[in-house]
Student: 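Below is one structure. I have some questions about it.
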Amino acid sequence: MAEMPEISLPASPILEYSGFHVTNSVLATFLVSAFIIVLSIAVRGSIRLIPGRFQVMMESMVDFFYDQLQSAWGSDDKRAKLLLPLIVALFLLIFIANQFSIIPLVASLMNEGQTLFRTPTSDLSLPLTLAVVMVGGAHLVAFTRHPFRHLGNYFKFHLLLRIRSVKDALNAFLELFLGLLDIVGEFAKVISISCRLFGNIFAGEVMHVVITWLTAYLLPMPFIFLSIFSGLVQAFVFTILAINFSASIVKSSEPSRSYS
Amino acid sequence: MDPLSAKLIAAGICMGLGAIGPGIGEGLIGARAMEAMARNPEVSDTLFTRMIVAMAICESTGIYSLVISLIILFVI
């Protein structure tokens, strides 16, 4: 039996330019970005009043994320419209990057004994970067708009000033402790959404390699189909969680509006 | 015990124990979602997307153990 192909967890560097390593997953990310740019120009050029099949698909995708944004931001239409391009671009990038391994020929190009392109999301750096940008960006927005209120969600020292009795003191210390625990929770959010995407896609790749090594022809097909489906679901889940996390972070720092 | 076999056993135990919780959780989510869809078929579209999201969140502990067993296998 032939030797099993090598599986490596970190992406392998291809080029080096004055200390910066360009890995094979970064090259693949550039390819995916170029594909998205070409796709969006093509879709934009062929918009008709009576939509074709492809246009209906794109429109329903944009519409779905618009609905999700509206329900997350609570009928704040302006912000939903502002964030829509970012969210749809995030979804498209992750979705197309997850399906990278099913592109024929491109995925098997070799350079000095290692593959030239690698599925971008099967390296932790891309999911981690996207998660940090979404969650950290929401924190940055919340902090620049209402700095004291935002910090007050985590460091609840103002509750100590309101102590009137022993029961109040117990409650205040409990709240203070829970607020400090929320800081850990923010890091856990980033780690959980990035590791979920990375773990699913990398496991799909490993399963693909092992199954194609063990069997041949038609037998790997159900597994490839399964990894395509899980790529779609994970792209979807990452985007929805990013919407909900960022909305909850920014909304918790704002003064509650009176419903009049 | 030589280190390679200890590594393989550790990865196997990690993945096997980590898959119990998500299995139970996803089963419960699926069962309840089916029940709700059978009671109220009009909302099955929104329920389906929410079911998928809840399942993916429930799956995360399984994914953590998967990542750890992959690290045990390929990095350490």
Side-chain angles (χ1 to χ4, degrees), chain A residues 4-12 60-61 63-65 67-68 70-72 91 94 98 121-124 127-128 131 185 188-207 209-210 227 229-245, chain B residues 3-34 36-37 40 42-76:
Chain A
M4 191 168 137
E6 201 191 332
I7 298 162
S8 72
L9 201 60
S12 41
S60 60
M61 180 189 77
D63 218 40
F64 174 78
F65 286 111
D67 283 351
Q68 292 292 325
Q70 271 181 330
S71 71
F91 174 76
I94 297 171
N98 285 349
T121 38
S122 73
D123 179 26
L124 185 57
L128 194 62
K189 270 180 192 170
V190 173
I191 292 172
S192 88
I193 59 174
S194 57
C195 274
R196 179 177 301 127
L197 182 60
F198 159 73
N200 266 294
I201 303 307
F202 188 72
E205 298 278 299
V206 170
M207 191 173 66
V209 166
V210 171
S227 73
F229 181 67
S230 92
L232 172 66
V233 169
Q234 290 307 318
F236 185 70
V237 164
F238 188 96
T239 319
I240 289 183
L241 286 181
I243 292 171
N244 286 322
F245 282 161
Chain B
L4 181 69
S5 52
K7 232 168 77 172
L8 295 179
I9 291 172
I13 290 174
C14 174
M15 194 60 242
L17 288 182
I20 295 173
I24 296 171
E26 284 190 22
L28 285 176
I29 292 171
R32 294 288 150 78
M34 292 292 157
M37 280 180 205
N40 201 352
E42 296 97 70
V43 294
S44 57
D45 280 354
T46 57
L47 269 182
F48 184 73
T49 56
R50 273 162 207 202
M51 184 186 85
I52 294 280
V53 172
M55 276 187 171
I57 291 167
C58 190
E59 207 181 44
S60 55
T61 50
I63 297 296
Y64 298 154
S65 69
L66 174 77
V67 169
I68 287 171
S69 62
L70 288 173
I71 288 171
I72 291 172
L73 279 181
F74 299 119
V75 176
I76 298 169

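Because only heavy atoms are used, hydrogens play no part in the values below, and waters and symmetry mates are left out as well, while side chains stay in. Letters A, B, ... mirror the listed sequences (proteins, then strands); counts begin at 1.
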Student: Which heavy atom of B:L66 sits nearest to which heavy atom of A:G199, and what is that distance?
Tutor: CD2-O, 3.4 Å
Student: Is there a side-chain contact between B:T49 and A:F236 (heavy atoms, below 4.5 Å)?
Tutor: yes
Student: Taking all heavy atoms of A:R196 and all of B:S60, pick out the closest pair and write down the distance.
Tutor: NH2-CB, 3.2 Å
Student: Side chain, backbone, both or neither: which part of A:L241 has a non-hydrogen atom closer than 4.5 Å to chain B?
Tutor: side chain
Student: If you count heavy-atom pairs under 4.5 Å between each of A:N200, A:V206, A:I240, A:L124 and chain B, which one has the most?
Tutor: A:N200
Student: Of the non-hydrogen atoms in A:C195 and B:I63, which two are nearest, and what is the gap between them?
Tutor: O-CG2, 3.4 Å
Student: Which bit of B:V67 comes within less than 4.5 Å of chain A, counting heavy atoms only: side chain, backbone, both or neither?
Tutor: side chain
Student: To the closest 0.5 Å, what do you measure between CG (A:D67) and OG1 (B:T46)?
Tutor: 11.0 Å
Student: Below 4.5 Å from any heavy atom of chain A, which atoms of B:L73 appear? Answer side chain, backbone, both or neither.
Tutor: neither
